[in-house]
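First comes the structure, then the notes that go with it.
Values below: every heavy atom of this structure, side chains too, minus hydrogens, waters and symmetry copies. Positions are given from 1 along the sequence.
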Amino acid sequence: MAIYLTKESKVLVQGMTGGEGMKHTRRMLAAGTDVVGGVNPRKAGRTVEFDERTVPVFGSVADGARATGADVTVVFVPPAFAKAAVLEAADAGIGLAVVITEGIPVHDSVTFTSYARARGTRVIGPNCPGLITPGQSDAGIIPADIARPGRIGLVSKSGTLTYQLMHELRDIGFSTCVGIGGDPVVGTGHIDCLAAFEQDPDTELVVLIGEIGGDAEERAAAYIREHVSKPVVGYIAGFTAPEGRTMGHAGAIVSGSTGTAQAKKEALEAAGVRVGSTPTGTARLVLELLEARGRS
């Protein structure tokens, strides 16, 4: 089992014929992703060769969805065109839009996440590495060779820390890893993923990675307390961030004691979440919990 993305997912790539789109489409195909088409209005009707796979290019998401049955799109377009790309995907009835693009204006993100939500399209991102269900499908830029299928669910604001925890826990493996992005506005948050992992019978434990700024982790802690029966292990990036300094992601803005790593750690621990002090320490907590449950 998995959340959001499975081997049955049929994927379009908006911006596939660009440099980044080409590189990561090849990687997704190598990971087993069923990439059924690219989208570029100026190159409609052409095909692109990727090793042993020929992928058609469509003039619109709607054309691609009609021809292939695609239900997922991965967005590799420049920031100025990202809003239009997501609106187009939502209008075409795509169920999942994975927005890799960084540098999108916040106003645009507010517009397209709201629009997509109203039309039943889940947005992952923007400014995210995407998501991967190891052994089944990889939508985005997460390396497919750093983890195997398993029973840990991972939701993370940080792309780099997503990769590190996947590597640290590679021998246990993951159901699905979701990089939700670190911008102030994202389409899918910690709580969405926690709810989905709670319902997934093959996810035994959840790793939640947050960072300084905002109150997403505090809200996740409140949700865990009331709704999550599975063990959760957390890590908060930014304990060493200088006071008053904006660090890393655009969403990592701290004001006074609000949004600090310590405040988030305390909120999570009050909800029964064990919080690691380092990524390696966090992985160790996961192993300890699994061993205590007799399942490592």
Report the distance from atom CG of Leu194 to atom OH of Tyr223, rounding to the nearest 0.5 Å.
7.0 Å
Can a side-chain donor-acceptor contact be found between Thr280 and Glu168 if the only test is distance below 3.5 angstrom?
yes
I want to check something: taking the side chain as every heavy atom from C-beta on, are Leu12 and Val36 in contact at a cut-off of under 4.5 Å?
yes
Looking at Gly21, is its backbone amide N or carbonyl O close enough to the side chain of Thr25 to form a donor-acceptor pair, meaning the two atoms are under 3.5 Å apart?
yes
Tyr235 with Val155, same ILVMFWY side-chain cluster at under 4.5 Å:
yes
Give the C-alpha distance, both sets of side-chain angles, the deciding distance and a yes or no for salt bridge (charged side-chain N to carboxylate O under 4.0 Å, His left out) between Lys264 and Glu218.
CA-CA 6 Å; Lys264 294 175 184 296; Glu218 288 89 343; 3.0 Å; yes
Okay, side chain of Thr101, backbone of Val77: is any donor-acceptor separation there less than 3.5 Å?
yes
More than 12 heavy atoms of other residues, nucleotides or ligands under 6.0 Å from NE2 of His227: yes or no?
yes
Measure across Ser175 and Ala2 and return the closest heavy-atom pair with its distance rounded to 0.1 Å.
O-CB, 4.2 Å
Glu204 and Arg293, any side-chain heavy atoms less than 4.5 Å apart:
yes
Would you check if Asn40 and Met16 make a side-chain contact, meaning some heavy-atom pair closer than 4.5 Å?
no
Using the rule given for side-chain contact (heavy atoms from CB on, under 4.5 Å), can you reason through Ile172 versus Val286, listing the C-alpha separation, both sets of side-chain angles and the distance that settles it, and then say yes or no?
CA-CA 10 Å; Ile172 305 299; Val286 172; 5.8 Å; no
Electrostatic pair Arg53:Asp34 at N-O distance under 4.0 angstrom:
yes
Smallest heavy-atom separation, Ile224 atom then Ala271 atom, equals CG2-O, 4.0 Å
Residues in ring-ring contact (aromatic ring centres under 6.0 Å, His included) contact with His24, at least two apart in sequence or another chain:
Phe76
The reported gap from NZ in Lys157 to NE2 in His190 (rounded to nearest 0.5 angstrom) is 6.0 Å
Carefully, step by step, assess Phe112 and Ile104 under the rule side-chain contact (heavy atoms from CB on, under 4.5 Å).
CA-CA 11 Å; Phe112 70 65; Ile104 298 172; 4.0 Å; yes
Distance col, row Cys177:SG vs Leu169:CG, nearest 0.5 angstrom, shows 9.5 Å
Check residues 132-146 and write down every donor-acceptor pair under 3.5 Å in which the side-chain atom is one partner and the other belongs to a residue at least two apart or another chain.
from   : atom 1 : to     : atom 2 : distance (Å)
Thr133 : OG1    : Leu5   : O      : 2.7
Thr133 : OG1    : Thr176 : OG1    : 3.0
Gln136 : OE1    : Lys7   : N      : 3.0

Quick one: does any side-chain atom of Thr113 pair with a main-chain N or O of Gly187 as donor and acceptor, under 3.5 Å?
no
Glu269 versus Val275, closest heavy-atom pair with distance
CG-CG2, 3.8 Å
ILVMFWY network linking Val75 to Met28, side-chain heavy atoms under 4.5 angstrom:
no
Ser60 side chain reached by Phe58 side chain, heavy atoms, under 4.5 Å
no
Tyr163 vs Pro129 side-chain heavy atoms within contact, under 4.5 Å
yes
Report, as yes or no, whether the 6.0 Å neighbourhood of atom CD on Glu198 holds more than 12 heavy atoms from other residues, nucleotides or ligands.
yes
Going hydrophobic residue to hydrophobic residue with side-chain gaps under 4.5 angstrom, can you get from Ile94 over to Val35?
no
So which residues get pulled into Val110's cluster when ILVMFWY side chains under 4.5 Å apart are joined, directly or through others?
Val106, Val185
Using the ring-ring contact (aromatic ring centres under 6.0 Å, His included) criterion, which residues pair with Tyr4? Sequence neighbours excluded.
none
Distance check, rounded to the nearest 0.5 Å: Asn127 atom CG versus Ile100 atom CD1?
9.5 Å
Mark yes or no for whether Lys43, through its side chain, and Val57, through its backbone, hold a donor-acceptor pair below 3.5 Å.
no
Val206 and Ile152: side-chain contact (heavy atoms from CB on, under 4.5 Å), yes or no, with the steps?
CA-CA 6 Å; Val206 180; Ile152 302 170; over 6 Å; no
Any Lys/Arg nitrogen of Lys265 or Glu217 sitting under 4.0 Å from an Asp/Glu carboxylate oxygen of the other?
no
Got Val13 and Val39 here, is their nearest side-chain heavy-atom distance under 4.5 Å?
no
So, do Ile124 and Val186 sit near enough that their side-chain heavy atoms are less than 4.5 Å apart?
no
Main-chain N/O of Thr278 paired to Thr282 side chain as donor or acceptor, under 3.5 Å:
yes
Taken to the nearest 0.5 Å, the spacing of Lys23 NZ from Arg27 CZ works out to 8.0 Å
For residues Val99 and Ile3: do they belong to one hydrophobic cluster (side chain heavy atoms under 4.5 Å, members Ile, Leu, Val, Met, Phe, Trp, Tyr)?
no
Residues 78-93 side chain polar contacts: donor-acceptor under 3.5 Å, at least two apart:
from  : atom 1 : to     : atom 2 : distance (Å)
Glu88 : OE2    : Val61  : N      : 2.7
Asp91 : OD1    : Tyr115 : OH     : 2.5
Asp91 : OD2    : Tyr115 : OH     : 3.3

Does Ser9 use its side chain to pair, donor to acceptor, with the backbone of Thr6 at less than 3.5 Å?
yes
Contact between Val72 and Lys10 at the side-chain level, heavy atoms closer than 4.5 Å - yes or no?
no
ILVMFWY cluster, Val178 and Leu208 together (side-chain gap under 4.5 Å):
yes
Answer yes or no: is there a donor N or O on one side and an acceptor on the other, between the side chain of Arg148 and the main chain of Asp171, under 3.5 Å?
yes
Separation of Leu205 CG from Leu290 CG (nearest 0.5 Å):
5.5 Å
Search all heavy atoms of Gly130 against all heavy atoms of Val98 and return the closest pair with its distance.
CA-CG1, 3.6 Å
Do the side chain of Asp192 and the main chain of Gly189 share a donor and acceptor less than 3.5 angstrom apart?
yes
Tell me, which pairs form a side-chain hydrogen bond (donor to acceptor under 3.5 Å, both in side chains) where one or both residues lie in residues 64-81, sequence neighbours left out?
Gln14-Thr73, Asp63-Arg66
Identify the two heavy atoms, one from Met22 and one from Phe50, that lie closest to each other, and give their separation to 0.1 Å.
O-CE2, 3.5 Å
Assess whether side-chain contact (heavy atoms from CB on, under 4.5 Å) is satisfied between Thr17 and Val48, documenting all intermediate values.
CA-CA 8 Å; Thr17 55; Val48 180; 4.2 Å; yes
